[in-house]
Visitor: 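Please read through the structure below; I'll follow up with questions.
Atom set for the values below is all heavy atoms of this structure, side chains included, hydrogens, waters and symmetry mates excluded. Along the sequence shown, the residues carry numbers beginning at 1.
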Amino acid sequence: MKLKQLSSLFIALAVTAVVSGCSEKKSESESDNSDLINVSPRNITFEWQPLYEQKLNEFTSSDKFSETAANGTEESRFDLCDLNDDGTPELIISANNNHTTTCEVFTVSNGEVISIGEIGEYGSFTYYPDFKLINNEYSGDGFVVGKFISLNGNVFTDAMTYSDNRGSASKGAEIKHEIDGKELTLPEYDEAMEMYKNAKTISLGRKYTFGSASVDYALHCSESWGAVLTPKEKEIYKEQLMINLNQALETGKDAAFEFCDLNNDDVPELVVSEGTEDTDGCKIYYISSDTLLELDGTYGYKGKFSFDNEQLVFYVTGSPSGNLCWSLTNNDISKFNVSRSHMECGRRYILTEESVNVSMR
C-alpha cells in the first residue's frame, strides 16, 4: 500500500512514497477461515437503510438544511449510533453547530422512521457508551444542572437529574447538592457522581456531511464492517486493539478507534485514536494476506482527522503543523479541495474490551 502526503495549505507538490518500514505483525494462532473472501459492505442490507436515506433526503429539501457554512456556523451534518443497543442505529440530524441548535433523533419502528425528540446544543450531544446514557448539562456562574437520559424503546426517559451550586458559596448563596430532587451532603453527591465523572464519552451529531458519497458510506458501509470482516481479520484486528488498549491503560490516554475504508477496496483500515490532546494523532493499520501492517507515523490532530469520501483523501486543518492531507490511492492530491462529502474519523468507539467486541458484531 502506498501513501501520498500533501502539506502546506494543500498546495504543495504531492509526493508519493512507499510505506517502507511499516511494522509487520502476524497472528500467532491459525484459523480455518483465513481463506474466506471479503464481501462488499453494500451487499449487507438492513431495514433502516432506505428509510434513513429517505429521511435524509427529506431534510435536505427542508428550510433547516444548510449545505455550506453561513453566519459563523458550519453546514448541516448527521450521525448514526445505536443508543440503546438493540441492533438498530438511531439517525441523528444536526442542522448546524449554532449554540442553540439541538439534534433531532430518529429511529425505526414497525417499518417507519419516527422522531424520538430533540436534544443537545451546538448541534451535538454527549453520550456515555458504557452506560447507554445521554448527558444534557448546563453550567452557569457557580452552578451546574443536568440530567442523564436513556432511550427506552422509542422514548427518551430521564434516568437521573442532578444539580450543584457549590461554586456560589462565595456569593452567600444557600448551597445545595441534589440528585433526582433529593438533597444530599457534598460527600454523598460526589460519591453518586463519581462513576460518571470518570467515564469516557463521545460526541454525537456531526460526523457526516450530506454529500452523496458520505451519505452512501454512512448508510451502506459504516455499520457493516463487523459483518464483512472475515473471522481471521477480526482476530488480527482484535489482537492489535488489545495491544492499543493496554497501552492506553498504562498512559491514561483517552483512546478510541473505528474502522474506515480509506482506499475504497471494501476492506476497512483500522484507525486508532491516541487521545484528545493537541499532540495526539491516529495510528492506521491494515491487513494484507493475513498480515497486519501499520503506516509509519501518526495522522490527524486531537486524535481525529477528516476523510473526504468522494476523493478518498484524509486530512487535517488547523493543526500546529498546518493543513495536511494524505491518500492511500493513486488519486492526484496536488490540488486537493474538500468536497461536499466528508466525515470525521477516529473516535467512533471509545477503546474498551466491550467496544471492541461490539464493533465486530
Visitor: Using a strict 4.0 Å threshold on nitrogen-to-oxygen distance, state whether D158 and K147 make a salt bridge.
Guide: yes

Visitor: Quick test of your reading of the model: are K302 and D280 salt-bridged, counting only N-O distances below 4.0 Å?
Guide: no

Visitor: Would you check if D216 and R42 make a side-chain contact, meaning some heavy-atom pair closer than 4.5 Å?
Guide: yes

Visitor: Taking E74's backbone N and O only, do any of them form a donor-acceptor pair with N97's side chain (distance below 3.5 Å, no angle check)?
Guide: yes

Visitor: Measure the shortest side-chain to side-chain distance between Y122 and N98 over non-hydrogen atoms and say whether it is less than 4.5 angstrom.
Guide: no

Visitor: Identify the two heavy atoms, one from I134 and one from F125, that lie closest to each other, and give their separation to 0.1 Å.
Guide: CG2-CD1, 3.6 Å

Visitor: Should Y196 and L133 count as side-chain neighbours, where that means a heavy-atom distance under 4.5 Å?
Guide: yes

Visitor: Going through the distances and angles, do R348 and S222 end up as a side-chain contact (heavy atoms from CB on, under 4.5 Å)?
Guide: CA-CA 10 Å; R348 171 66 176 83; S222 68; over 6 Å; no

Visitor: Is there a path of hydrophobic side-chain contacts, each under 4.5 Å between heavy atoms of I, L, V, M, F, W or Y residues, that connects I44 with L91?
Guide: yes

Visitor: So, are E310 and R340 salt-bridged, with charged N and O less than 4.0 Å apart?
Guide: no

Visitor: Could you check whether any side-chain heavy atom of D266 comes within less than 4.5 Å of a side-chain heavy atom of P41, counting everything from C-beta outward?
Guide: yes

Visitor: Quick one: do Y315 and I333 satisfy side-chain contact (heavy atoms from CB on, under 4.5 Å)? Show the steps, please.
Guide: CA-CA 11 Å; Y315 62 95; I333 60 173; over 6 Å; no

Visitor: Should we say atom CG of N330 is surrounded by more than 12 heavy atoms from elsewhere, each under 6.0 Å from it?
Guide: no

Visitor: Among the clusters formed by ILVMFWY side chains lying less than 4.5 Å apart, do Y128 and I92 turn up in the same one?
Guide: no

Visitor: Does K197 come within less than 4.0 Å of D190, counting only side-chain N to carboxylate O?
Guide: no

Visitor: Has the side chain of N165 got a donor or acceptor atom that lies under 3.5 Å from a matching backbone atom of E174?
Guide: yes

Visitor: Tell me whether L324 is reachable from L262 by hopping between hydrophobic residues (I, L, V, M, F, W, Y) whose side-chain heavy atoms are closer than 4.5 Å.
Guide: yes

Visitor: Does the side chain of S327 come under 3.5 Å of the side chain of T329 through a donor N or O and an acceptor N or O?
Guide: yes

Visitor: What is the ring orientation for F65 with F210, classed by angle as parallel under 30°, tilted 30 to 60°, or perpendicular over 60°?
Guide: perpendicular

Visitor: Might you point out which heavy atoms bring E183 and I175 nearest each other, and give the distance in Å?
Guide: OE2-O, 4.3 Å

Visitor: Step through the shown structure and confirm whether more than 12 heavy atoms of other residues, nucleotides or ligands are within 6.0 Å of NZ on K304.
Guide: no

Visitor: Return the CD to CG distance between E269 and L293, rounded to the nearest 0.5 Å.
Guide: 10.5 Å

Visitor: Salt-bridge test for D180 and K182: reply yes if a basic N is under 4.0 Å from a carboxylate O, no otherwise.
Guide: no

Visitor: So which atom in A255 and which in R347 form the shortest heavy-atom distance, rounded to 0.1 Å?
Guide: C-NH1, 4.2 Å

Visitor: Do you know which two heavy atoms are closest between V39 and N43, and how far apart they sit?
Guide: CB-ND2, 4.4 Å

Visitor: Do E75 and T209 have side-chain atoms, one donor and one acceptor, less than 3.5 Å apart?
Guide: no

Visitor: More than 12 heavy atoms of other residues, nucleotides or ligands under 6.0 Å from CD of E191: yes or no?
Guide: no

Visitor: Donor-acceptor pair, distance only, cut-off 3.5 Å: does the side chain of T185 make one with the backbone of E188?
Guide: yes

Visitor: Can any side-chain N or O of S341 pair as donor or acceptor with the backbone N or O of A213 at less than 3.5 Å?
Guide: yes

Visitor: State whether K207 and E258 are salt-bridged, where the test is any N-O pair (Lys NZ or Arg NE/NH1/NH2 against Asp/Glu carboxylate O) under 4.0 Å.
Guide: yes

Visitor: How close do V145 and S163 get, heavy atom to heavy atom, and via which atoms?
Guide: CG1-CB, 3.7 Å

Visitor: F46 vs W48 aromatic rings, parallel, tilted or perpendicular, using cut-offs 30° and 60°?
Guide: parallel

Visitor: Establish, from distance only, whether the side-chain atoms of D308 and H342 form a donor-acceptor pair under 3.5 Å.
Guide: no

Visitor: Which class fits the ring pair Y208 and Y217: parallel under 30°, tilted 30 to 60°, perpendicular over 60°?
Guide: tilted

Visitor: Side chains of Y285 and N244: do they bring a donor and an acceptor to under 3.5 Å?
Guide: yes

Visitor: Is it true that, when you exclude E353 itself, more than 12 heavy atoms of the residues, nucleotides or ligands shown sit nearer than 6.0 Å to its CD?
Guide: no

Visitor: Parallel, tilted or perpendicular: which fits the ring planes of Y237 and F259, with parallel below 30° and perpendicular above 60°?
Guide: tilted

Visitor: Quick one: do D261 and W225 satisfy side-chain contact (heavy atoms from CB on, under 4.5 Å)? Show the steps, please.
Guide: CA-CA 9 Å; D261 187 2; W225 295 125; 3.6 Å; yes

Visitor: Using a strict threshold of under 4.0 Å (side-chain N to carboxylate O), is an ion pair present between D86 and K132?
Guide: no

Visitor: Could you go through the side-chain contact (heavy atoms from CB on, under 4.5 Å) check for F156 and L151 one step at a time?
Guide: CA-CA 5 Å; F156 281 140; L151 178 59; 4.1 Å; yes

Visitor: Hey, what do you get for CG (L80) to CD (Q49), rounding to the nearest 0.5 Å?
Guide: 9.5 Å

Visitor: Which of these, N323, V316, T317, sits in a side chain to side chain contact (heavy atoms under 4.5 Å, CB included) with S319?
Guide: V316

Visitor: If we count only N and O atoms by modelled type, under 3.5 Å, do the side chains of R206 and S124 hold a donor and an acceptor together?
Guide: no

Visitor: Compute whether any side-chain donor of one residue and acceptor of the other, for N154 and S109, lie under 3.5 angstrom apart.
Guide: yes

Visitor: How long is the straight-line distance from NZ of K55 back to OG of S115, given to the nearest 0.5 Å?
Guide: 7.5 Å

Visitor: What pair of heavy atoms forms the shortest contact from Y301 to P320, and how long is it?
Guide: CE1-CD, 3.3 Å

Visitor: If you define the side chain from C-beta out and look only at heavy atoms, does anything of Q54 sit under 4.5 Å from V113?
Guide: no

Visitor: Under 4.0 Å between a side-chain nitrogen and a carboxylate oxygen: does that hold for K64 and E58?
Guide: no

Visitor: Looking at OG1 of T107 and CD1 of I116, how far apart are the two atoms once the value is rounded to the nearest 0.5 Å?
Guide: 4.5 Å

Visitor: Heavy atoms, side chains only, cut-off 4.5 Å: are S66 and N96 in contact?
Guide: no

Visitor: Looking at K253 and E274, does any basic side-chain N land under 4.0 Å from a carboxylate oxygen?
Guide: no

Visitor: Compare all side-chain heavy atoms of L312 with those of N263 and state whether any distance is below 4.5 angstrom.
Guide: no

Visitor: Counting distance only, does the side-chain N/O of N152 pair as donor-acceptor with the main-chain N or O of V155 below 3.5 Å?
Guide: no

Visitor: Less than 4.5 Å apart, any side-chain heavy atom of I119 and any of T102?
Guide: no

Visitor: Looking at CG of L351 and OG of S273, how far apart are the two atoms once the value is rounded to the nearest 0.5 Å?
Guide: 9.5 Å

Visitor: Would V267 end up clustered with M360 when hydrophobic side chains under 4.5 Å apart are linked, directly or stepwise?
Guide: no

Visitor: If the plane angle is over 60° it's perpendicular, under 30° parallel, otherwise tilted; pick one for F314 and Y299.
Guide: perpendicular

Visitor: Decide if atom CG of D141 counts as having more than 12 heavy atoms of other residues, nucleotides or ligands within a radius under 6.0 Å.
Guide: no

Visitor: State yes or no: do Y349 and L83 share one hydrophobic cluster built from I, L, V, M, F, W and Y residues joined by side-chain heavy-atom distances below 4.5 Å, directly or via other members?
Guide: no

Visitor: Does E194, at its CD atom, have more than 12 non-hydrogen atoms belonging to other residues, nucleotides or ligands within less than 6.0 Å?
Guide: yes

Visitor: Nearest 0.5 angstrom please: T276 OG1 to D254 CG, how far?
Guide: 5.0 Å

